[in-house]
Amino acid sequence: AAGSAVGLGNLWRFPYLAAKYGGGSFLLIYVILAVTFGFALMITEIALGRKTGKSALYAFSTLHEKCGFIGILASIVPIIILPYYCVIGGWVIKFAWAFLTGSGNAAAADDYFSNFIARTGEPVMWLVFFILATSVVILLGVNKGIENISKVLMPLLVVLSVIIAVFVVTRPGAGAGIVYYLKPDLSKISANAFLAALGQLFYSMSLAMGIMITYGSYMKKNEDIESSVRNIEIFDTGIAFLAGLMIVPAVFVFSGGDQASLKAGPTLMFITLPKVFDSMAGGHLIGTVFFVLVLFAALTSSISLMETVVSIFVDKTKKSRKFITVCVTVYTVLMAIPSSLGFGIWSGFSIHGMSILDFFDFHSHIYGEEKISAQYASIMSKFLQMLEDGVYRQHRDVTYYASELCVTPKYLSEVTKKVSGYAANYWINRYTILDISRLLRDKSLSFVYISDLFGFSSPSYFSRYVQHNLGIKSSDYRE
C-alpha cells in the first residue's frame, strides 16, 4: 500500500500545488491534515476492507445497506483517474528513455516537453506501453507484483531524492526558494489553499477512491493497521516533501528568482528537473536512475488503480480476473488516447475550456472530494457558457462577465476558484489561447485578420500576447 501511496501525486502534483498555494503555507496545512484527518480516514478504509473482505463497491453496503451509495461514488473515482494517470505515466517513460539513450541534454531544453506532448503517435505509444506494463503486473497477482517492486525500489528513490535535494538547495539563488517552500506565510492561508491541500491528501494517499479498501481486503487479520498506516504516511509525506525541496528551489535557481515561473504546472517536474541534472556532475547517470525510479513509483500507483477497478468489476460481474483485466486494459487505452491527443491534434478541442486530461482530473476530484453548492455551480456554468459562446473574442475583462452575471468581479473569481481551483482570468485566457492556437494552424488566415477578430489594438500586441502565452512567436507557430 505504501507503493500505491507514493507515485505521481507526490512527485509531480504536490510540488506544483505547493508552488501555487504559497509554499510553506501549503506545506503546513498539508502536514496538519495528513497527521489528523488523513491518518484517521486511512485507518478506517483499510479496516473496512479487512473486515468485509470486499472491494469498495460492496464494502460499504456490507457494513450498512444505507451506505451503499458511498461505495458507488468511491468506485467512480479510480475508473476516471486510471486513463489520464497512464498518460502522465507515458510521459515518464519518455523521459526515462531519453536519459537511457543519451538524450538527457536535449530533454533540458525549454521546448522539449511541449514539443513532445504536441505530437500524435509518440505520446500514445508510450502510454500504451505503460498501460500494458500495469496490466501484466495485475495478471501476475497484485501482491507479487507490487510488493516485490516497492520493497526494492522505493528506498532507492528516497536516497536519490535526498541527493538531488541537497544539490539543489546548495545552488546559488536557491535560498529564496527554500524560504518560500519552508516558511509559512499566514497571509496566504486561505480556503482555496485548504481545499487544495485536502484534495492533494486524497490524491496522494489514495483515499476516497477504493484503493485502501481493496488493499485492506487482502490484509491478514494479525497485521497491525495503525502501524502500517503510520509507515505509509511517513513514507508518502516524506517523498512529497523531498519532491518539493527538489523542484521549488530549482525553479528559483533557473528562473533568476522569478516567482511567476512557479505557476508552470506540469512543467515543474518535466522541465525543471532535466535542467537540474544537466547542471550536475554525473547528472546524466543520476537523471537516468531518477526517472527510472519515478517510472516504477508511477507504475505502482497505476497498478493500485487498475487493481481496484478490476476488483470492482469482478465483484459485480463474477467473471474471471483475467477476463476483467483484459477488458479494463482495453477501456484504459481507449479512454487514455483522447487525453493524450488533447495536447496535440485535438488541442483545439476543449470541454468547458479544459483539455481532455484536465477535464478528467477536474471531475475525478469533484466526485471524490469537493462538495459544490448549487449557487456556485450555477454561476460557474453560466460563466463557462459565455466563454463557450465566444464572448472572450471581444471581452477579456472579468468585470464584463461579472456584470452580466450580476455579481462583483471579486465574487466571480472566488466562485471559479472554489469550483475549479482557478480564477476567472485563467478561464478567459484559456479559452482565448486555445481558440487562437486553432486559428493559427489555418494558414489561410492572416495574422492581421486573427488579431482584429480578437479585438487586439495592433498586430504587434497580438504577437506579444501569443508569445507570452504559447512561448513562441505567432509566425514560428506555423513552421
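This is a predicted model, so every value here is computed, not measured. The first residue in the sequence is number 1, and the count goes up from there.
Within the 4.5 Å cutoff, the side chain of T237 has heavy atoms near those of the Y30 side chain. With a 4.5 Å cut-off on side-chain heavy atoms, L33 and F194 count as touching. Side-chain contact between W427 and Y392: absent, with no pair of heavy atoms (C-beta onward) separated by less than 4.5 Å. In this structure, the side chains of V92 and F270 come closer than 4.5 Å at one or more pairs of heavy atoms. Side-chain contact between V253 and T272 is absent, with no heavy atoms from C-beta onward closer than 4.5 Å. Residues V168 and L245 are not in side-chain contact: their nearest non-hydrogen atoms beyond the backbone lie 4.5 Å or more apart. Y465 is listed as a side-chain neighbour of I436, based on a closest heavy-atom distance under 4.5 Å. Inter-residue side-chain proximity for V276 and M246 is flagged as unmet; no heavy-atom pair is nearer than 4.5 Å.
With hydrogens and angles ignored, the 3.5 Å screen pairs no side-chain donor or acceptor of Q200 with any backbone N or O of L17. No donor-acceptor pair closer than 3.5 Å links the side chain of S103 to the backbone N or O of A106. Of the possible polar contacts, one joining the T329 side chain to the T325 backbone as a donor-acceptor pair under 3.5 Å is found. A donor-acceptor pair under 3.5 Å is formed between the side chain of D397 and the backbone N or O of T399. Remark: side-chain polar atoms of T170 are paired, donor with acceptor, to backbone N or O of F167 under 3.5 angstrom. With S302 contributing its side chain and L299 its backbone, the two residues share a donor-acceptor pair below 3.5 Å. With hydrogens and angles ignored, the 3.5 Å screen pairs a side-chain donor or acceptor of Y180 with a backbone N or O of A19. Using a distance-only test at 3.5 Å, with no hydrogens or angles considered, no donor-acceptor pair links the side chain of S403 to the main chain of Y400. Distance alone, capped at 3.5 Å, is enough to place a donor-acceptor pair between the T432 side chain and the I428 backbone.
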One pair to check against side-chain contact (heavy atoms from CB on, under 4.5 Å): L73 and V77. What are the steps and the verdict? CA-CA 7 Å; L73 291 176; V77 177; over 6 Å; no
Verify ring-ring contact (aromatic ring centres under 6.0 Å, His included) between F95 and Y112, making sure each step is shown before the conclusion. CA-CA 10 Å; F95 275 78; Y112 184 86; 5.6 Å; yes
Test side-chain contact (heavy atoms from CB on, under 4.5 Å) on S204 and F14; report intermediate values, then the result. CA-CA 8 Å; S204 178; F14 182 91; 6.0 Å; no
Please report the C-alpha distance between N429 and R396 in whole Å, then the side-chain angles of each, then the deciding distance to 0.1 Å, and finally whether the side-chain contact (heavy atoms from CB on, under 4.5 Å) criterion is met. CA-CA 8 Å; N429 188 61; R396 287 184 289 279; over 6 Å; no
Go through F290 and F99 one step at a time and tell me if the side-chain contact (heavy atoms from CB on, under 4.5 Å) criterion holds. CA-CA 10 Å; F290 176 81; F99 275 85; over 6 Å; no
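Within the 6.0 Å centre-distance limit, the rings of W91 and F113 are counted as a close aromatic pair. Between Y181 and F241, a ring centre-to-centre spacing shorter than 6.0 Å is recorded. The ring of F462 has its center no closer than 6.0 angstrom to the ring center of F454.
When all heavy atoms of A336 and L127 are compared, the closest pair comes out as CB-CD1, 3.6 Å. Shown here for Y84 and I80, the closest heavy-atom pair between the two residues is CD2-O, 3.6 Å. Taking both residues in full, the closest heavy atoms of A107 and P274 are given as O-CB, 3.5 Å, listed atom of the first, atom of the second, then distance. Taking both residues in full, the closest heavy atoms of M280 and I286 are given as CE-CD1, 3.4 Å, listed atom of the first, atom of the second, then distance. Contact record, S451 with S458: OG-O, 3.5 Å, taken as the closest heavy-atom pair. When all heavy atoms are compared, the tightest approach of P184 to L182 is CD-O, 3.2 Å.
Using a 3.5 Å distance cut-off with no hydrogens or angles, the side chains of S413 and N425 do not pair a donor with an acceptor. Side-chain contact, E388 with Y431: a donor N or O sits under 3.5 Å from an acceptor N or O. Side chains of S25 and D185: no donor on one and acceptor on the other come within 3.5 Å.
Once rounded to the nearest 0.5 Å, the distance linking CD of E307 with CD1 of I138 reads 4.5 Å. Rounded to the nearest 0.5 angstrom, S135 OG and I303 CD1 are separated by 10.0 Å. Note: L295 CG to I93 CD1 = 5.0 Å, rounded to the nearest 0.5 Å. Note that the CZ atom of F447 and the CD1 atom of I450 stand 7.0 Å from one another [nearest 0.5 Å]. The CG atom of L439 sits 11.0 Å away from the CG atom of L434 when rounded to the nearest 0.5 Å. Between the CG atom of L412 and the CE atom of M380 there is a distance of 8.5 Å, given to the nearest 0.5 Å.
When the shell of 6.0 Å around CZ of F313 is examined, it contains 12 or fewer heavy atoms from other residues, nucleotides or ligands.
By the 6.0 Å and 45° rule, R171 does not stack over the aromatic ring of F252.
Annotation: ring pair (Phe, Tyr, Trp, His ring centres under 6.0 Å) contacts of Y331 (sequence neighbours excluded): none. Checked against side chain to side chain donor-acceptor pair (under 3.5 Å), Y401 has no partners two or more places apart in sequence or in another chain.
Between F291 and F277, the ring planes are perpendicular. Angles over 60° get that label, and only those under 30° would be called parallel.
Applying the side-chain hydrogen bond (donor to acceptor under 3.5 Å, both in side chains) definition to pairs two or more places apart or across chains, those involving residues 273-298 are D110-K275.
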